[in-house]
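Take a look at the structure below.
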2 protein chains.
Amino acid sequence: MALEIKPSQALKLWRQVHLDLVQDAHSDLSVRQTAILLTIYLELPPHTVRGLASRLGVTKPVITRALDSMGKLGLVSRRRDETDKRNVVIQRTVAGALAVEHLADLVTARARELGPA
Amino acid sequence: MALEIKPSQALKLWRQVHLDLVQDAHSDLSVRQTAILLTIYLELPPHTVRGLASRLGVTKPVITRALDSMGKLGLVSRRRDETDKRNVVIQRTVAGALAVEHLADLVTARARELGPA
DNA sequence: CGATAATGATACGGCCCCGTAACGATCGGG
DNA sequence: CCCGATCGTTACGGGGCCGTATCATTATCG
């Protein structure tokens, strides 16, 4: 079930998708923001600031600021946890799901174009 | 010859490698810098500032600054073209080759761990 | 030789992100 | 009921990257 990929293929894939990302004006996410976004959309909810911070090995302000900027882009939203009002629950959005899906399409399309070497 | 990868696998791979990159203190390259680095190491030399700029669809100062910062990290080096002293030839370095190889290992290792879904 | 073009670097103002430290709000145990 | 612990946010100073405009150097062509 493992995905077999040669190092040279991995590099070509990584480069090509990064070229796409650089030229795509809409995707302006940093590496950290991308890691946060994908964690929110791939791992089971609920997601909290503290949980994401420890999951990524970064400080809490990093998460707060990333949620701020990604929130402005409509990729995520926040809501107070009513059972424990100290917590903030990070929620997915339609725009965020579309962005993630777009990334998936990009990677799969570029993988499909890879040669054997 | 094409690499078959499902969208869900692509996302898991992308997320896991990004998590690795975030937690690896040494790799602090932006998306643009990564695209530049991989282009230098995967495409045939010679590489020039102008060539990379048009290849990536960015302005020349972006390339100059990226070469400055990556040069400080020892990932690339620059040399004047003696036949046309207006040009600068970007050269690979041992450290840069190791960094690229490290990235390739990262991607291939994470791909190998992917499940079927 | 002189004017023009081309190349890469630099200056500038602006924006975003970082890490540390502190803060207000909320919860929970004694 | 209160005091400490926890949660997320904000303040602060610093640094990096951005795009535009401009610059010095070098090549080219009439």
Side-chain angles (χ1 to χ4, degrees), chain A residues 18-19 21-40 45-91 99, chain B residues 18-19 21-40 45-91 99:
Chain A
H18 275 72
L19 285 178
L21 292 176
V22 167
Q23 295 178 6
D24 181 5
H26 294 294
S27 53
D28 211 5
L29 296 184
S30 68
V31 173
R32 270 172 161 161
Q33 289 172 335
T34 301
I36 294 170
L37 185 72
L38 290 180
T39 297
I40 293 171
H47 295 290
T48 65
V49 172
R50 173 165 182 72
L52 289 173
S54 75
R55 183 70 186 84
L56 302 199
V58 298
T59 58
K60 288 188 295 179
V62 168
I63 305 297
T64 294
R65 285 185 295 246
L67 293 178
D68 287 343
S69 46
M70 292 194 292
K72 286 178 187 171
L73 298 175
L75 301 178
V76 297
S77 75
R78 277 182 279 199
R79 181 175 52 84
R80 276 278 158 199
D81 181 352
E82 288 304 323
T83 74
D84 186 340
K85 293 184 179 175
R86 289 174 303 182
N87 292 339
V88 162
V89 179
I90 292 105
Q91 296 179 296
Chain B
H18 274 72
L19 285 178
L21 292 176
V22 166
Q23 294 177 7
D24 182 4
H26 295 294
S27 54
D28 211 5
L29 296 184
S30 68
V31 173
R32 270 172 158 155
Q33 289 172 336
T34 301
I36 294 171
L37 184 72
L38 290 180
T39 297
I40 293 171
H47 295 291
T48 65
V49 172
R50 173 166 179 73
L52 289 173
S54 73
R55 182 71 187 83
L56 302 201
V58 298
T59 58
K60 288 189 294 180
V62 169
I63 305 296
T64 294
R65 285 185 296 245
L67 293 178
D68 287 344
S69 47
M70 292 194 292
K72 286 178 186 171
L73 298 175
L75 301 178
V76 296
S77 75
R78 278 181 277 198
R79 181 175 53 82
R80 275 279 158 199
D81 181 353
E82 288 304 324
T83 73
D84 185 341
K85 293 184 179 175
R86 290 174 302 183
N87 292 341
V88 162
V89 179
I90 291 106
Q91 297 179 297

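Per chain, numbering begins at 1; letters A, B, ... match sequence-line order.
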Could you tell me how far apart B/Leu67 (CG) and C/dG8 (C1') are, to the nearest whole angstrom? 10 Å
Please work out if B/Ser30 contacts a base, only the sugar-phosphate, or nothing of the nucleic acid, heavy-atom cut-off 4.0 Å. nothing
Separation of A/Asn87 CG from A/Arg79 CZ (nearest 0.5 Å): 11.0 Å
Nucleic acid contacts - residues 49-57 of chain B versus DNA chain C, non-hydrogen atoms under 4.0 Å: B/Val49, B/Arg50
Please list, chain by chain and in numerical order, all residues satisfying side chain to side chain contact (heavy atoms under 4.5 Å, CB included) with A/Ser77, sequence neighbours excluded. A/Gln91, A/Thr93
Kindly write out the residues that satisfy side chain to side chain contact (heavy atoms under 4.5 Å, CB included) with B/Ser54, not counting sequence neighbours, or none if the list is empty. none
Taking side-chain hydrogen bond (donor to acceptor under 3.5 Å, both in side chains) as the test, write out the residues that go with A/Thr59, two or more places apart. none
Using atom CZ of B/Arg79 as one end and atom C1' of C/dG8 as the other, report the distance to the nearest whole Å. 15 Å
Pairs meeting criterion salt bridge (charged side-chain N to carboxylate O under 4.0 Å, His left out) with involvement of residues 55-72 of chain A, two or more places apart: A/Glu43-A/Arg55, A/Asp68-A/Arg78
With A/Asp24, which residues qualify under salt bridge (Lys or Arg N to Asp or Glu O under 4.0 Å), at least two apart? none
A/Ile36 CD1 to C/dC17 P, straight-line distance once rounded to whole Å: 10 Å
Terminal contacting nucleotides, 5' and 3', DNA chain D versus chain B (heavy atom, 4.0 Å): D/dC17 to D/dA27
Could you encode protein contacts along nucleotides 19-30 of chain C as a string, one character per nucleotide from 5' to 3', using B for base contact, S for sugar-phosphate-only contact and - for no contact, with a heavy-atom cut-off of under 4.0 Å? BBB----BS---
Please identify each residue that fulfils salt bridge (Lys or Arg N to Asp or Glu O under 4.0 Å) with B/Asp28, with sequence neighbours left out. none
Is the shortest side-chain N/O distance from B/Arg78 to OP1 or OP2 of C/dA9 below 4.0 Å? yes
In whole Å, what is the span from the CD1 atom of B/Ile63 to the P atom of C/dA9? 11 Å
side-chain hydrogen bond (donor to acceptor under 3.5 Å, both in side chains) against A/Thr39, all qualifying residues, sequence neighbours excluded: B/Arg15
Could you measure the distance from the CG atom of A/Leu56 to the CD1 atom of A/Ile63? Nearest 0.5 Å is fine. 5.0 Å
Holding to ring-ring contact (aromatic ring centres under 6.0 Å, His included), I want the full list of residues that pass it with B/His47, two or more places apart in sequence or in another chain. none
Residues passing the salt bridge (Lys or Arg N to Asp or Glu O under 4.0 Å) test with B/Arg80, sequence neighbours excluded, are none
